[in-house]
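Have a look at the structure below before the remarks.
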Number of protein chains: 4
Amino acid sequence: MGGTMDGMKQQRRGNTRQRIQDVALELFAEQGYEKTSLREIAERLDVTKAALYYHFKTKEEILVSLFEDLTRPIRELIDWGSRQPPTLETKQELVRRYSEALAGAAPLYRFMQENQATVRELRIGETFKERMQGLRDIMIDPKADLVDQVRYVSAIFTLHAGMFLLQDLDGDAEDKRKAVLEVAADLVTRAHEGSRRAKESS
Amino acid sequence: MGGTMDGMKQQRRGNTRQRIQDVALELFAEQGYEKTSLREIAERLDVTKAALYYHFKTKEEILVSLFEDLTRPIRELIDWGSRQPPTLETKQELVRRYSEALAGAAPLYRFMQENQATVRELRIGETFKERMQGLRDIMIDPKADLVDQVRYVSAIFTLHAGMFLLQDLDGDAEDKRKAVLEVAADLVTRAHEGSRRAKESS
Amino acid sequence: MGGTMDGMKQQRRGNTRQRIQDVALELFAEQGYEKTSLREIAERLDVTKAALYYHFKTKEEILVSLFEDLTRPIRELIDWGSRQPPTLETKQELVRRYSEALAGAAPLYRFMQENQATVRELRIGETFKERMQGLRDIMIDPKADLVDQVRYVSAIFTLHAGMFLLQDLDGDAEDKRKAVLEVAADLVTRAHEGSRRAKESS
Amino acid sequence: MGGTMDGMKQQRRGNTRQRIQDVALELFAEQGYEKTSLREIAERLDVTKAALYYHFKTKEEILVSLFEDLTRPIRELIDWGSRQPPTLETKQELVRRYSEALAGAAPLYRFMQENQATVRELRIGETFKERMQGLRDIMIDPKADLVDQVRYVSAIFTLHAGMFLLQDLDGDAEDKRKAVLEVAADLVTRAHEGSRRAKESS
DNA sequence: AATGAATGAGCGTTCATTCAT
DNA sequence: CATGAATGAACGCTCATTCAT
């Protein structure tokens with residue numbers, strides 16, 4: 001019937017799946033996975049709970065779909081990293097690109113960080129863990145000094161933390177990301193030098 | 001020890017409150033706060049749910065009591081820190097003592113880290129946040145370079161992360177704590193030097 | 001693209017109604033009416049649930065159609081029987097032909113037997129009941145001894161039961177049907193003789 | 001008797017479990033297991049659904065408890081039978097006592113008969129099947145003629161059917177039970193004789 | 001110091017059904 | 001001839017909490 005569409009009830013049909021994902025991510029991040037009920041998601045979208053089940057088989061599947069859609073760049077980055085030689089340059093570039101990739105999936109990663117206990121029991125828990133271990137394997141030299149190993153871990157973790165721990169510091173978001181990246185890169189460099197020093201002095 | 005004692009069913013009576021806390025912490029840490037039901041806690045203790053309500057007014061109160069009991073040293077430490085001059089030495093000592101204090105409340109802190117989304121909505125959420133801000137205020141020089149501010153935050157966060165992010169690295173727990181501490185202390189030192197450099201070059 | 005039929009996805013179009021009936025009967029018999037959902041039927045046929053509604057107005061209608069299609073011979077048999085004189089010969093022939101008719105609608109009858117509670121509430125419940133009463137009216141002489149009345153009922157019931165109660169006995173299916181028929185026929189004969197005896201001795 | 005008790009809301013406390021069983025059996029028998037919802041049971045008892053869960057872990061458990069409570073005599077009877085020599089006398093007595101035992105659990109057995117498809121998927125399905133097989137093993141002589149084997153099965157089945165197939169015949173319930181028993185006993189006798197005949201003629 | 005019995009609210013999920021396209 | 005999208009009603013179940021005993 002054309003015309004200009006009546007109001008907004010029926011706005012954009014066919015994108016309901018996407019709208020569910022958007023609202024779900026927002027609520028999951030805000031209140032946590034368990035405390036967010038399907039009723040709540042449905043109400044915000046002005047559909048019934050049953051409608052959600054037309055698009056997703058379970059509540060968990062909504063989260064899985066978000067994870068898969070939003071973390072693809074990160075998965076690809078780790079794949080790339082695992083095929084590079086473990087030089088300092090590789091690690092530096094990995095850290096730089098990881099920082100960017102994280103920024104693109106910030107709300108989801110914040111959610112994952114804040115709901116670890118819950119996520120661990122879900123299907124994506126295992127996937128996430130494997131991914132982190134992939135990162136670790138690329139970064140960490142198992143022959144390095146324990147302190148330097150911690151530096152690597154700290155670098156990764158600093159990147160993650162950067163996303164939400166700096167929220168209450170003021171300043172431009174992109175500036176903060178750069179600052180976080182610099183600290184992480186610095187940690188990586190020092191960890192790498194430490195290894196060299198260890199080798200030389202042996 | 002004397003008496004007749006039938007088996008072990010009512011081992012140590014009168015300490016039920018304490019036993020509830022122990023079991024609750026274990027389960028909260030293992031499965032998260034929401035996924036741990038009072039039924040489960042009661043069953044493990046072989047008492048009824050109603051018994052829990054004799055000792056604690058609500059589920060949340062169990063957590064609050066754990067938090068208060070286990071984080072007292074940390075609260076005192078921060079109180080102490082806030083009365084010291086903001087020198088490098090103060091910060092170094094704070095970091096050292098914080099690392100020790102954390103080790104004493106590790107399971108609870110691990111729980112807090114992994115259940116942030118949940119904790120945020122609870123009474124202790126606010127308290128915890130204030131405490132972290134207290135730490136931040138002691139450590140961070142607001143006039144410092146953004147990168148150095150990140151270094152301070154990263155130091156604190158590295159200490160937290162140390163507790164559970166290194167679980168799958170092998171090595172003695174105390175060795176790992178020391179390594180983590182060294183990295184954190186190093187970050188603090190560099191942050192402090194950075195500030196001095198900044199001042200000199202201005 | 002175009003022309004030659006790709007595989008088997010749309011094998012025989014136009015007979016969807018029939019395929020729905022086939023799958024439905026299979027699932028109804030296997031899992032019961034309530035536990036079989038339209039989703040399940042649709043999935044097996046690789047069509048959508050809505051497609052089922054093109055062919056049948058309701059779930060119940062699918063069952064009704066099966067009943068009507070598969071039990072026509074039985075209905076006709078009973079009609080025939082009710083027009084015959086109530087002699088032993090009539091009853092014997094009725095039993096013989098009923099046994100054959102049942103074999104032709106075995107899965108449906110098995111379903112009816114195993115889902116009586118459900119069927120009773122459905123439209124076919126009444127029909128089925130009437131039919132059974134028709135059978136009874138033909139067989140049973142209301143003036144006969146109670147024991148002989150039971151024999152008639154037992155004969156009918158033995159025929160029904162034969163279909164699935166002998167499933168775990170081994171032997172050829174047709175042999176078993178014959179054996180069941182013999183027992184039923186025997187019961188009918190004895191019931192009839194009993195009635196004669198009763199009359200003679202009065 | 002004695003005391004007047006205020007209304008009926010709180011009548012007999014402590015017997016709620018029993019009242020749940022009573023109402024559940026009534027509704028299960030009337031409408032079937034699936035069509036009976038816990039809401040319905042709860043409403044009839046004027047308690048909440050959650051109260052049912054205080055007494056039974058699941059809906060299925062309510063049925064299991066009914067089965068176990070009501071069919072104990074039958075279980076014991078079969079145990080007894082399996083320890084006797086397989087003479088005609090044993091079988092006759094078994095049939096007689098089985099008929100009595102069935103009468104005591106009539107509503108439940110009627111339910112089982114009318115909800116076979118459902119029951120088969122439940123925990124009691126297996127148990128019930130085993131029990132029927134036990135009965136069969138006692139009764140049936142595997143070396144007997146197929147027709148006689150059918151007679152044994154028919155005898156058992158006639159007993160079951162007797163409970164509800166004769167509902168619309170009029171007459172005293174106990175008279176009907178006796179008549180059913182006589183037919184079943186007769187079938188057993190003939191089956192036994194058949195076997196003897198077979199042996200003699202060989 | 002603890003239990004037995006129950007509640008009210010809510011949850012995730014499934015179902016038969018509808019209807020515009 | 002069929003699908004995509006959605007609904008309304010219900011379901012079995014769990015939870016934190018209460019309270020008389």
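Just so we're on the same page: letters track the sequence lines, and every chain starts at 1.
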- Query: DNA chain F: B:Glu34 or A:Val47, which has the more 5' nearest nucleotide?
  - Reply: A:Val47

- Answer yes or no: does a side-chain N or O of B:Thr16 lie under 4.0 Å from OP1 or OP2 of E:dA1? no

- Message: Tell me the interatomic distance from B:Glu60, atom CD, to F:dC15, atom P, rounded to whole angstroms.
- Response: 18 Å

- How do D:Leu52 and A:Leu38 order along DNA chain E: which one's closest nucleotide is nearer the 5' end? D:Leu52

- Message: Rounding to an integer number of Å, can you tell me how far D:Ile41 CD1 sits from F:dC13 P?
- Response: 11 Å

- Note on the structure: Which of A:Phe67, A:Phe128, A:Phe28 passes ring pair (Phe, Tyr, Trp, His ring centres under 6.0 Å) with A:Phe111? It is A:Phe28

- Item | Phosphate-side-chain proximity, D:Thr58 and F:dG12, N/O vs OP1/OP2 below 4.0 Å | no

- Polar side chain donor-acceptor pair, B:Gln116 to A:Gln116, under 3.5 angstrom: no

- Measure from CD on B:Glu43 to C1' on F:dA16 and round the result to the nearest Å. 15 Å

- Message: Can you work out whether A:Thr36 or B:Thr48 has the more 5'-proximal nearest nucleotide on DNA chain E?
- Response: B:Thr48

- Message: The side chain of A:Lys59 is closest to which nucleotide in this list: E:dG12, F:dC15, F:dA16?
- Response: E:dG12

- Message: Closest approach to the side chain of A:Ala51, judged atom by atom: which nucleotide of F:dT17, F:dA6, E:dG4 is it?
- Response: F:dA6

- Looking at D:Ser37, does any N or O in its side chain come under 4.0 Å of the phosphate oxygens OP1/OP2 on F:dC11? yes

- Query: Considering every strand shown, what is the Watson-Crick or G-U wobble mate of F:dC11 when both distances are under 3.5 Å?
  - Reply: E:dG12

- Check whether any side-chain N or O of D:Tyr53 sits under 4.0 Å from OP1 or OP2 of F:dT14, and answer yes or no. no

- For B:Arg39 and F:dC15, is the shortest distance between a side-chain N/O and OP1 or OP2 below 4.0 Å? yes

- Over how many whole Å does the gap from A:Gln18 atom CD to F:dA5 atom P extend? 14 Å

- Atom CD in B:Glu40, atom CG in B:Leu27: separation rounded to 0.5 Å? 5.5 Å

- Item | d(CZ, A:Phe56; P, E:dG12) in whole Å | 15 Å

- Message: Just the rounded figure in Å: distance from P of E:dA2 to NZ of B:Lys57.
- Response: 18 Å

- Just how far, in rounded Å, is C1' of F:dA9 from NZ of D:Lys35? 14 Å

- Query: Side-chain donor-acceptor pair under 3.5 Å between B:Gln113 and A:Gln113, yes or no?
  - Reply: no

- Task: State the pairing partner of F:dT21; accept Watson-Crick or G-U wobble contacts with both distances under 3.5 Å, and report none otherwise.
- Result: E:dA2

- Should D:Tyr54 be listed as having a side-chain N or O under 4.0 Å from OP1 or OP2 of E:dA5? yes

- On a heavy-atom basis, the closest approach of A:Lys49 and A:Ala42 is N-CB, 3.7 Å

- Query: Between D:Lys49 (NZ) and F:dC13 (C1'), how many Å, whole number?
  - Reply: 8 Å

- Are C:Ser65 and C:Gln21 close enough that a side-chain donor and a side-chain acceptor fall under 3.5 Å? yes

- Does D:His55 have a side-chain nitrogen or oxygen under 4.0 Å from the phosphate oxygens OP1 or OP2 of E:dG4? no

